[in-house]
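Below you'll find the structure, written out as structure tokens, and then a few comments.
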Amino acid sequence: MKYTLMVNEGPYQHQSADTAYQFAKAALAKGHEIFRVFFYHDGVNNGSRLSVPPKDDRLVQKQWSELAQQHGIDMVICIAAAQRRGLMDANEAKRQGLDADNIAPGFRISGLGQLIEGSIESDRTIVFGD
Amino acid sequence: MKYTLMVNEGPYQHQSADTAYQFAKAALAKGHEIFRVFFYHDGVNNGSRLSVPPKDDRLVQKQWSELAQQHGIDMVICIAAAQRRGLMDANEAKRQGLDADNIAPGFRISGLGQLIEGSIESDRTIVFGD
Amino acid sequence: MSMLHIVNKSPFERNALESCLGHASEGDAVLLIEDAVIGAVAGSKAATALMSALPTKAVYVLSEDLAARGIESSRLVQGLQVVDYSGFVDLTVQHDKTQSWL
Amino acid sequence: MSMLHIVNKSPFERNALESCLGHASEGDAVLLIEDAVIGAVAGSKAATALMSALPTKAVYVLSEDLAARGIESSRLVQGLQVVDYSGFVDLTVQHDKTQSWL
Amino acid sequence: MATKKFMYVNRKAPYGTVYALESLEVVLIAAAFEQEVTLAFVDDGVYQIIKNQKPKAIGMKNFSSTYKALGDYDIKQLYVERESLVERGLSEEDLMDITYEDEDDDWAEKSSLTIISRAEMTELMAAQDVTFSF
Amino acid sequence: MATKKFMYVNRKAPYGTVYALESLEVVLIAAAFEQEVTLAFVDDGVYQIIKNQKPKAIGMKNFSSTYKALGDYDIKQLYVERESLVERGLSEEDLMDITYEDEDDDWAEKSSLTIISRAEMTELMAAQDVTFSF
């Protein structure tokens, strides 16, 4: 089966991002395909590379980066939600006249159309949120 | 009266930050003092300078910066919560070996003791959250 | 010595108002802000709980949040008092402590 | 053609489970994850609603979330089925669509 | 691409959280994909389309007029649950007029809002292919 | 500095949200300030101190042992609401043993947990100076 996952909450505050990650791992282990993970609302904060939690805790953002790189998953951060919350890649930061960016490896910023397209292309769409 | 405000949610996703800001403005207009605003949990994301919402919407993060500068309010971001969520000032970023920081003007990063101290020093502590 | 209880969640979605009313003391005040204001509408499922509270507690509703959600004060449960942000500040002065029901 | 309903909120705190059960069709399945698993404990205020659903809907509970919250499966309402993440994935295969009750 | 039935389920009040606004942003984009689009207003979500929203004093943008523009995007299936209105002390008269122009009927202006029962909402939900919850 | 009565009200289950963990982090810091510290476990908050928490399979850190260490920080007033337990099908036996050593009683180990009624919790809440809600 081909899946699109939607993640609507940021790391740590809610379990949603952890649940989506655990679901993705379990689906991949069974041979399914994760076509796309779309990060919306505060979910965009999963894509920050500046996070440094205590050493005995998981690093949610890095787990996503590693999963994407190991399995070639397309991880898309919604541009409109990201702009509100201050999640920027180098291009966007430049375009907005900002002096820094904070996106983590394996994520890309794009539009909401990627969510709809993912849901059309996939057999299943699963929403993880608050 | 002397107030300490605690803000526990990030900008936009929840109204809490807006409510805290409106409350602070109303209290200042009546001659009260805002001794400290302490940002905890996802509230630390109020302190990002990389946010660029649509032009017809408020810029929550900048409203805080301006309020702090106009009234000399001490705005403290909890360091432990900020590390989990990727909110960094230049010092912290350097100490953690990160290549960027994203804190907005008027905020400073410090420990949870600042919250307790604020509540001891203030006549009232008001919590804004989800 | 009395407490101002602040409730910001819809009573149709969450248990915050119910828990607040179950733990507020006589003479305390309850202030509804943000999405909690929709519980103040007369005839709603939450109205009964508010009416039961009124004999022993003052209940206030924030006008700015009512306006945002299109609620005229004529629609509210009888006995509720409408305050604006300035009144919110005054309530935190009149009551020497606050408790937020998150 | 059937729906997998996913509920992740405590039924004591939010109306998500109640709304889900009020909108699920016969033959649908309901999966409790995250904080929603605490509603599956026998003798709890939420148990009655789940028992009423069981004749027409399958109700599943995620084992990893039960373990996190210290709940043994012997404590659950009779008739609920415990699945792990691998079983969660299987449920999304068996049911051709899902609805999350956020 | 195949055509699927997309439903956007709105269960939360506006302004207290961003979900109502950002749900609407998804719907506007979805309109370009030529899929079947249905909006459901259930539980506190019915407040999203209430009349006379004035969020200026809480510092927020009034986005309620966007619902009225949905007809221009060919989105005209907005379903509101009657029980959700009644439980909140509301009725149909409290909702905004949201209309579309029917091209098959000489562009007559018709309501996009349909008030349905919980039982009917249950059937409508069961008939979807993809459900987004906000 | 004046001494104030601080209460930390925990109303949410652990792991589904971060509030339980980050509440505990505040409490540990607060211990250094020589104020009166009381913890209240109400509603879903009673799950924070339940026995046998095993969050490893959801990828999270097990922080429940920290509650047992509170005695070392001289935090020994943990109040649990009986009605909240009962509504969730739980009883006192489901809770962790959380103890402190009483320096006034030859370091005897005593329970830090007190189960009280909702009416008693109401009185306790009314007696505080500063209330943090999580």
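Values below: all heavy atoms of this structure, side chains included; hydrogens, waters and symmetry mates excluded. Please read all numbers here as calculations on a predicted model, not as lab measurements.
If you take CD on Glu34(D) and OG on Ser16(A), they are separated by 5.0 Å, rounding to the nearest 0.5 Å.
Between chain A and the options His95(D), Gln99(D), Glu64(D), heavy-atom pairs under 4.5 Å are most frequent for His95(D). Ranking Phe88(D), Tyr85(D), Trp101(D) against chain A, the residue ahead of the rest is Tyr85(D), based on heavy-atom pairs under 4.5 Å. Interface check for chain D: of the options Lys25(A), Gln22(A), His14(A), Met1(A), the most heavy-atom pairs under 4.5 Å are formed by Gln22(A). Looking only at heavy-atom pairs under 4.5 Å with chain A, the residue among Asp96(D), Ile6(D), Thr98(D), Ile33(D) that has the most is Asp96(D).
Ring geometry for Phe39(A) against Trp64(A) counts as perpendicular: the plane angle is over 60°, on a 0 to 90° scale with 30° as the lower cut.
Using a 4.5 Å cut-off between heavy atoms, Leu4(D) makes no contact with chain A at all. Proximity to chain A (any heavy atom under 4.5 Å) is restricted, for Asp65(D), to the side chain, taken from C-beta onward.
Atom CD of Glu18(D) sits in a sparse spot, with 12 or fewer heavy atoms from other residues, nucleotides or ligands closer than 6.0 Å. Counting heavy-atom neighbours within 6.0 Å of Lys94(A) NZ, excluding the residue itself, gives a total of 12 or less.
Within the 4.5 Å cutoff, side-chain heavy atoms of Tyr3(A) are placed close to those of Val89(D).
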